[in-house]
Each structure stands twice: as structure tokens, then as C-alpha cells.
Undergrad: 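Please find one structure pasted underneath; my questions will follow.
Numbering of ligands and ligand atoms starts at 1, following listing order.
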Amino acid sequence: MKKSLTAIAAALVATAAIGTAQAEDVLIGSCIYKFDDTFMTGVRNNMQKAAESVGAEIELVDSQNRQPMQNDQVDTFITKGVNALIINPVDRSAAGPLADKAKSADLPIIYINREPDKAVLDGWSKAYYVGAKAEESGTIGGQLIAEYFKAHPEADKNKDGKLQYILIKGEQGHQDATLRSEYCVKAMKEAGLDIVEIGSDNANWDKVQGHDKMKNFITSLGIDAIEAVLANNDDMALGAVEALKSEGYNLGTDGKDPSKFVPVVGVDATAPALQAIAKGQLLGTSLNDAVNQGTAAVRIANEAAQGKPVTDEAIGYKITDGKYVWIPYVRVTQENYKDFM
Ligand code: GAL
Ligand code: CA
């Protein structure tokens, strides 16, 4: 008799541990595709802060850009008994099996930054996505270049009435790389520019790769042939700026030759990008809002972990189709960069 009561008690404790958690003991397990990524470091730090502010605990792990490692980390989190998962997939096409794991364990799963197929989210009632519409940031970048080109006739270096530009893209297969590339070109055309793409390459969000790719373009095309650079993120844009600097270009406005400037745009509004805008080395960027993306993800995780409905009111963000939170991008130039520092 005694034994079976203990068994029942143990079973009850075990049941309580799965499914929903009490507000005070929510534990969120989160995998970041790689810690060594400037923008995702911002998101990560803000998730930590948001968890503190809602009184949840969060454990963040580095997936080191390896999907199999991330899959194992998710298994470990589930075994450990986390109450919700926040996942920044390494490979967004591998998001499906992670949703299956979450579903089998009855756990909410919130994807961030790398958007899974809609079918993945639709396949599990506790699956969500928090991100930003890449089209917006692409459009902002294209518009910034178009405005600059119109305001500075000398930017048409070869005086052919066309804009010869270089595109430095993020990781292949990433929605932000595809859509930003497509929409920046679209925006330049819509602004009425006659454009010619003279170079395009992937640099995987990375500053060193951005630098190296830009260096190659300068070598093969010649610095005078390049009239603008559109990069899918700030790290790659800043890498390109470094390559331009070593040619004596984009050294900044203080005392330097203003004609030696190639307009470069990025996306993210990282701290170093804001500094470069301040110095006149980078034309502009879009704020990819790490604070609100991180906060929204944690709030959804925290509500869902307690079995509460994830409503606009509960999380403080608009939830679309019961699944998506979209955080808007903001245009950042020399006029307003201070607002983001
Ligand atoms: C993008 C961001 C990049 C990089 C990437 C990682 O949204 O602009 O800088 O962080 O996400 O997935
Ligand atoms: Ca030209």
C-alpha cells in the first residue's frame, strides 16, 4: 500500500513536470545557430534580459553552425525537462524534425530569425515564428542607394547614366539573403534608376568574407568601375568598407576627400555599423530589431510554457495567423543613427 502511494506520487510529480509549468519555474532551452554572429549575439543578449524580466530561466547553447549538433542539443533539452524551446535553426529546411520532437514532448517551439516552411508551423499547434520581413530591409537599402545616386551626380563615375553596383549576399538558402537581394534591386528600379549588376557573391553574413569578396571585385573590375555596394548585412558591408579603405576610399568625412566615397549599405544597425555611419564611411542600414525579436520570442515561450493562450495582450506584440510575430525594420542614416546607439 505504502509503496503504491509513493509510486502514484512519483507519477504525479512526473506528469506535472511535462506539459505546463508554474510561472516561477519556467525553463526555456534555446539553440542559436552560432554564437559568433554579430546580430544573433544581440538577439541572444536580449533574450537573456527578457527572460529575467518575465522571471523565467533561459539556457542558451551554441549550435556552432552544425545542424546535427543542434538536433542533439534539442534532445538534451527535452531530456532535461525544459518547458519551451526557442530555436534559431542552422538550416531552416531542417526545422521540421525539430517541431516533431517538440510535439512528441508537448513542448512549445518558437523559431527565430530563420523562417521554417509554413507547413512546419501548421503541423504543431505550439509552433511559432518571430522574425522580420526581409523585403522591408531590401527595399530600404535600395532606396538609400537610389536617393544618394540622385542627389550626387558625381556618383555616376563613368557618366553613362547608369548605376553599376555590387551585391554582397548572405548565406545561400536563407530567406533574408534571397529577399533582401531581390527587393533592393526592385527598389532601385522602382526609383527609376537604370542599374547594372557588375558583381554578386555570397559572403555568409561574415565580415572577413565580405572584405575578401570586395577585394576580389576591386581587383577584377577596378575601383573606378564600382559605383555602389549593397550588402545583405552590416558585417559584410563593413568588410567591403575595409576593402574600400585600403584603396583610399570611404576613409570618413573628417578632412578626407569627399569624392573618394562609394556608397555602401548594410542591414542590422549593429554598433560598429552605427559608428561607421557616424564617421561617414557607411551610407546607411536598416535596424534589424534584436531587442523586440528577442523579447517577443521569450514572451511567447513563457506564456506557452505555462499553458496560457498566446494572445497579443499577453505578449505585447501582434500575433498574425496565430503563429507569426513580425518586427518591423527601421531605416537608419546619418540623420537618425544616434537614436539607435
Ligand atoms: C540576419 C542578419 C544577419 C545574420 C543572420 C543570421 O537577419 O541580418 O546579420 O545575423 O540573420 O541568420
Ligand atoms: Ca555609371
Side-chain angles (χ1 to χ4, degrees), residues 31-46 62-63 65 67 70 87-92 95 111-116 129-138 140-141 145-146 148-150 152-166 168-181 184 188 193-198 202-207 209-210 221-228 230-239 262-263 265-273 285-290 292-294 326-330 332:
C31 301
I32 302 300
Y33 96 98
K34 64 172 186 175
F35 274 11
D36 180 23
D37 174 289
T38 311
F39 170 69
M40 285 312 302
T41 299
V43 174
R44 181 155 60 91
N45 293 338
N46 283 294
D62 182 357
S63 301
N65 214 12
Q67 191 60 54
Q70 182 168 80
I87 307 295
N88 172 213
V90 174
D91 172 1
R92 71 192 182 103
Y111 294 97
I112 53 169
N113 171 262
R114 292 166 170 223
E115 188 184 347
Y129 179 68
V130 175
K133 295 264 189 196
E135 297 89 326
E136 290 171 16
S137 51
I140 292 170
I145 293 292
Y148 182 85
F149 203 65
K150 287 180 183 173
H152 296 85
E154 75 279 9
D156 181 12
K157 293 190 199 168
N158 63 352
K159 307 268 169 259
D160 67 348
K162 299 177 187 176
L163 169 72
Q164 277 78 17
Y165 71 91
I166 281 175
I168 304 182
K169 300 179 288 188
E171 208 178 313
Q172 205 144 24
H174 194 305
Q175 81 282 341
D176 288 347
T178 314
L179 293 168
R180 287 174 190 165
S181 298
C184 70
M188 290 191 289
L193 292 194
D194 194 351
I195 53 172
V196 188
E197 188 169 289
I198 53 170
N202 291 88
N204 301 309
W205 312 120
D206 185 76
K207 184 175 176 186
Q209 290 184 44
L221 302 164
I223 182 80
D224 292 332
I226 303 166
E227 297 178 341
L230 297 104
N232 286 167
N233 82 343
D234 285 343
D235 273 1
M236 299 186 297
L238 293 173
V262 174
V265 292
V267 176
D268 285 340
T270 62
T285 187
S286 315
L287 171 73
N288 194 5
D289 191 337
N292 283 307
Q293 289 177 37
W326 297 112
I327 304 294
Y329 284 99
V330 185
V332 183

Undergrad: For atom 12 (O) of ligand 1, what is the nearest protein heavy atom, given as residue, atom name and distance?
TA: N113 OD1, 2.5 Å
Undergrad: Measure the distances from the heavy atoms of M236 to every atom of ligand 1 and state whether one is below 4.0 angstrom.
TA: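 False for this residue.
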Undergrad: Test of understanding: given a 4.0 Å heavy-atom threshold, classify the contact between Q293 and ligand 1 as side chain, backbone, both, or neither.
TA: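 It is neither part, as no heavy atom is under 4.0 Å.
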Undergrad: Are N158 and D160 close enough that a side-chain donor and a side-chain acceptor fall under 3.5 Å?
TA: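 Short answer, yes.
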Undergrad: For atom 9 (O) of ligand 1, which protein heavy atom lies nearest, and how many Å away is it?
TA: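 So the nearest neighbour among protein heavy atoms is D268 OD2, 2.6 Å.
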Undergrad: Using heavy atoms and a threshold below 4.0 Å, how should the contact between N88 and ligand 1 be classified: side chain, backbone, both, or neither?
TA: neither
Undergrad: Return yes if a side-chain donor-acceptor contact under 3.5 Å exists between N204 and Q209, otherwise no.
TA: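 Yes, because at least one side-chain N or O of N204 sits under 3.5 Å from a partner of the opposite role on Q209.
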Undergrad: Between atom CD of E227 and atom CD of E154, what is the distance when rounded to the nearest 0.5 Å?
TA: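 If I round to the nearest 0.5 Å, the distance is 11.0 Å.
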Undergrad: Yes or no on side-chain contact (heavy atoms from CB on, under 4.5 Å) for N113 and D176, after CA distance, side-chain angles and deciding distance?
TA: CA-CA 9 Å; N113 171 262; D176 288 347; 4.2 Å; yes
Undergrad: Need the ligand 1 atom indices (1-based, order shown) with element for anything under 4.0 Å from a heavy-atom of N288.
TA: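 Checking each atom against N288, I get 2 (C), 7 (O), 8 (O).
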Undergrad: Measure from the side-chain N and O atoms of R180 to the backbone N and O of S137, and report whether any donor-acceptor pair falls under 3.5 Å.
TA: no
Undergrad: Using distance alone, decide if ligand 1 has a nitrogen or oxygen within less than 3.5 Å of any nitrogen or oxygen in D37.
TA: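 Among all N and O atoms of D37, at least one is under 3.5 Å from an N or O of ligand 1.
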Undergrad: As an exercise, identify every atom of ligand 1 less than 4.0 angstrom from a heavy atom of D176.
TA: 1 (C), 7 (O), 11 (O)
Undergrad: Count the heavy atoms belonging to other residues, nucleotides or ligands that lie under 6.0 Å from CG of N45, then report whether that count exceeds 12.
TA: yes
Undergrad: Under 3.5 Å, side chain of D289 to main-chain N/O of I327, donor-acceptor pair present?
TA: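 No, the answer is negative, given that no donor and acceptor are paired below the 3.5 Å cut-off.
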Undergrad: Do any nitrogen or oxygen atoms of R180 lie less than 3.5 angstrom from nitrogen or oxygen atoms of ligand 1?
TA: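 Right, the criterion is met.
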Undergrad: How about L163 and I145: do any of their side-chain heavy atoms sit closer than 4.5 Å?
TA: yes
Undergrad: At the Ca ion (ligand 2), what angle lies between atom OE2 of E227 and atom OE1 of Q164, rounded to 10 degrees?
TA: 90°
Undergrad: How is the N/O/S atom of D160 that comes nearest to the Ca ion (ligand 2) named?
TA: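 Result: OD1.
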Undergrad: Give a rough value, rounded to 10 degrees, for the angle at the Ca ion (ligand 2) between atoms OD1 of D156 and OD1 of N158.
TA: 80°
Undergrad: Would T285 and D268 count as a side chain to side chain donor-acceptor pair (under 3.5 Å) if you check the C-alpha gap in whole Å, the side-chain angles of each, and the deciding distance to 0.1 Å?
TA: CA-CA 7 Å; T285 187; D268 285 340; over 6 Å; no
Undergrad: Measuring to the Ca ion (ligand 2), does K162 have an N/O/S atom at a distance below 3.0 Å?
TA: yes
Undergrad: For ligand 1, find out whether one of its N or O atoms is nearer than 3.5 Å to an N or O atom of N232.
TA: no
Undergrad: Regarding Q293 and N46, is there a side-chain donor-to-acceptor distance under 3.5 Å anywhere?
TA: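 No donor-acceptor contact under 3.5 Å links the two side chains.
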Undergrad: For ligand 1, which atoms have a heavy atom of F39 less than 4.0 angstrom away?
TA: 2 (C), 9 (O), 10 (O)
Undergrad: Have a look at ligand 1 and work out which part of E171, if any, has a heavy atom under 4.0 Å from it: side chain, backbone, both or neither.
TA: neither
Undergrad: Taking R92's backbone N and O only, do any of them form a donor-acceptor pair with R114's side chain (distance below 3.5 Å, no angle check)?
TA: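 Flag not set: sc R114 to bb R92 has no pair under 3.5 Å.
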Undergrad: Atoms of ligand 1 less than 4.0 Å from W205 heavy atoms?
TA: 3 (C), 4 (C), 5 (C)
